[in-house]
2 protein chains.
Amino acid sequence: MSDISASATGSETKQANLAGGASFSPLYQQIKQLVLRALDMGEWKPGEVIPSEFELAARFQVSQGTVRKAVDELAAENILIRRQGKGTFVSTHLEPNVRFRFLRLAASEGRTSPTQSHVLSCQRIRANAHAAQQLDIRVGESLVYIRRVLTFDEVPTVVDDIYLPGALFKGLTSSLLEAHQGVPLYGLFETEFGVSMVRAQEQIRAVAASEEIAELLSIKKNTPLLCVDRTSYTYADRPVELRIGFYLTDKYYYRNTLI
Amino acid sequence: MSDISASATGSETKQANLAGGASFSPLYQQIKQLVLRALDMGEWKPGEVIPSEFELAARFQVSQGTVRKAVDELAAENILIRRQGKGTFVSTHLEPNVRFRFLRLAASEGRTSPTQSHVLSCQRIRANAHAAQQLDIRVGESLVYIRRVLTFDEVPTVVDDIYLPGALFKGLTSSLLEAHQGVPLYGLFETEFGVSMVRAQEQIRAVAASEEIAELLSIKKNTPLLCVDRTSYTYADRPVELRIGFYLTDKYYYRNTLI
DNA sequence: AAGTGGTCTAGACCACGTT
DNA sequence: ACGTGGTCTAGACCACTTT
């Protein structure tokens, strides 16, 4: 990124001819990466305003239009939120409107009443090979393991098994989770641990409910469930969460838009 | 859209103050709608080039930058494809790279070999209440009903039940489908019937395989399957296909990216 | 009134593909 | 050499929010 330095005047074009030689990328992509890096370093926290387009333009020595294009992409990825007249803000999982950004279950009919979350377990374990690979850590390193049940409209509907790198989530305990009842997990991760989930990849299968899961959802063994395998990433595209969810889909369904 | 008429000179701004009064929308959104309308009218067919940005700018009496923004959005929605040096093309389901744009099943391990499609049924039926509502037609109107099985790597994996408005798909018969073996259905719909699927909405559940479906997939009854309920839309956002898919997910999974 | 993002325009040059 | 999309800049005005 060291090629963002010289200033341009008049209509002199500043095409991004990198010094390194290896990879080329347009200026606005470089700006985007710089903004992402600043977000990753915690320079601006979720919910806060970032500097105006002109301030960023001055800081990075480019025109406002170039900053705009970088911010446009980050806004399209829900990482930033523009608010006309007010500024551009860092997205947060605590805002009511994007609270369930990553929960794709919708009701077959009618409303979705307030969701309830019950934590059944929160303990430290050691990473097995699969978790280590997915989370880009070493086998045997510390993990936080959380099991919880989500209840929609009084009906237990989701069992989540969540695995987090212990190094990033020091001090995450049952009592901390209990102390933040009603706060979405991803919101708590943001405020308490400075870890923002920005993107996730899911793999979905149909499975038969095990005895264990069936009991938690008050259903019969072998009831068909969605098994949703999720890996979540931060600003810097590092994987920081592994989550296996079992979704009961008789009253709710997983919705998706293909484009 | 009648407010796209007067020409602007110099730095005189042409903000989109509509005549109708009801709804306002930025110029580039109006251009986008005009392009969509042209696509819907079949002015440019899938695979063809559309006019250059400057030509479109002249046609709609706006600057090239405004056309660019409209085309940008359409390209982001995979409706148009930009090719530097060549032009902007209408997307098609026949291109190898986007052939399986709407099929989200990926292999758990390794490759996905050529998919085989076997049509089991293709007949005219009358729309029931549900289909009529979803497809925005009247109960009792003619539908084309197709049942087919998709086979991946020699393993029957998907059963699709497809419902199409008869009025749009006159002449769609088993023999026509057989005559186009190897061509994806959506590709055939484009070339033979001028119907382009541009967007789709899916609702996913886990279900137990019925006797009937189990037999088609060579599995045991009650095996858990993904049930994927899809409604597909054209350029003008009219629903033109209803599809219920049953996916066997022991070797394949449904993948999804959350942003 | 001042500051922010939102839109629109115009012109320059670059990279790619075709002729 | 030419035409296409891709990038970058600069300046104008609009709409919204806060002071």
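What you see below is based on every heavy atom in this structure, not just the backbone, and it leaves out hydrogens, waters and symmetry mates. Model, not experiment: these values are computed from the prediction.
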Point to revise | I31(A) CD1 to dG6(D) C1', straight-line distance once rounded to whole Å | key: 17 Å

Practice item. Kindly confirm or rule out a cation-pi arrangement of R83(A) over F89(A), judged by NZ or CZ under 6.0 Å from the six-membered ring centre and within 45° of its axis? Key: yes

**Study point:** Selection from dT7(D), dG6(C), dT9(D) that lies nearest to any side-chain heavy atom of R68(B)
**Key:** dT7(D)

**Study point:** side-chain N/O T66(B) vs dC8(C) OP1/OP2, d < 4.0 Å
**Key:** no

Revision key, fill the gap. When rounded to whole Å, the CD to P distance for the pair E55(B) and dT4(D) reads 6 Å

Check your understanding: CD of Q201(B): more than 12 outside heavy atoms within 6.0 angstrom?
Key -> yes

**Study point:** Rounded distance (Å) that lies between atom P of dT4(D) and atom CG of L80(B)
**Key:** 16 Å

Check your understanding: Just to confirm, is there a sub-4.0 Å distance from OP1 or OP2 of dC8(C) to any side-chain nitrogen or oxygen of S63(B)?
Key -> no

Exercise for review: Could you state the atom-to-atom distance from OH of Y28(A) to C1' of dG6(D) in whole Å?
Suggested key: 8 Å

**Study point:** dG3(C) OP1/OP2 closer than 4.0 Å to side-chain N/O of S52(A)
**Key:** no

Review point. Hey, which of these two, K86(A) or V67(A), hits DNA chain D nearer its 5' end, going by closest nucleotide?
Key: V67(A)

**Study point:** OP1 or OP2 of dC8(C) under 4.0 Å from side-chain N/O of K69(B)
**Key:** no

Review point. Would you say a side-chain N or O of R83(B) is under 4.0 Å from OP1 or OP2 of dC16(C)?
Key: no

Point to revise | Exercise: do Y247(B) and D160(B) side chains pair donor with acceptor under 3.5 Å | key: no

Review point. Strictly by modelled atom types, are Y252(A) and Q203(B) linked by a side-chain donor-acceptor pair under 3.5 Å?
Key: no

Review point. Rounded to the nearest Å, what distance is computed from the CD atom of residue Q84(A) to the C1' atom of nucleotide dT18(D)?
Key: 14 Å

Check your understanding: Between atom CZ in F60(A) and atom P in dT9(D), what is the gap in whole Å?
Key -> 13 Å

Point to revise | Atom-pair distance (CD on E53(A); C1' on dT9(D)), nearest Å | key: 14 Å

Study note, to complete from the structure: Nearest-nucleotide check on DNA chain D, T88(B) vs Q64(A); residue mapping nearer the 5' end is T88(B)

Practice item. Establish, from distance only, whether the side-chain atoms of E241(B) and S232(B) form a donor-acceptor pair under 3.5 Å. Key: yes

Check your understanding: CZ of R82(A) versus C1' of dT4(C): gap in Å, rounded?
Key -> 10 Å

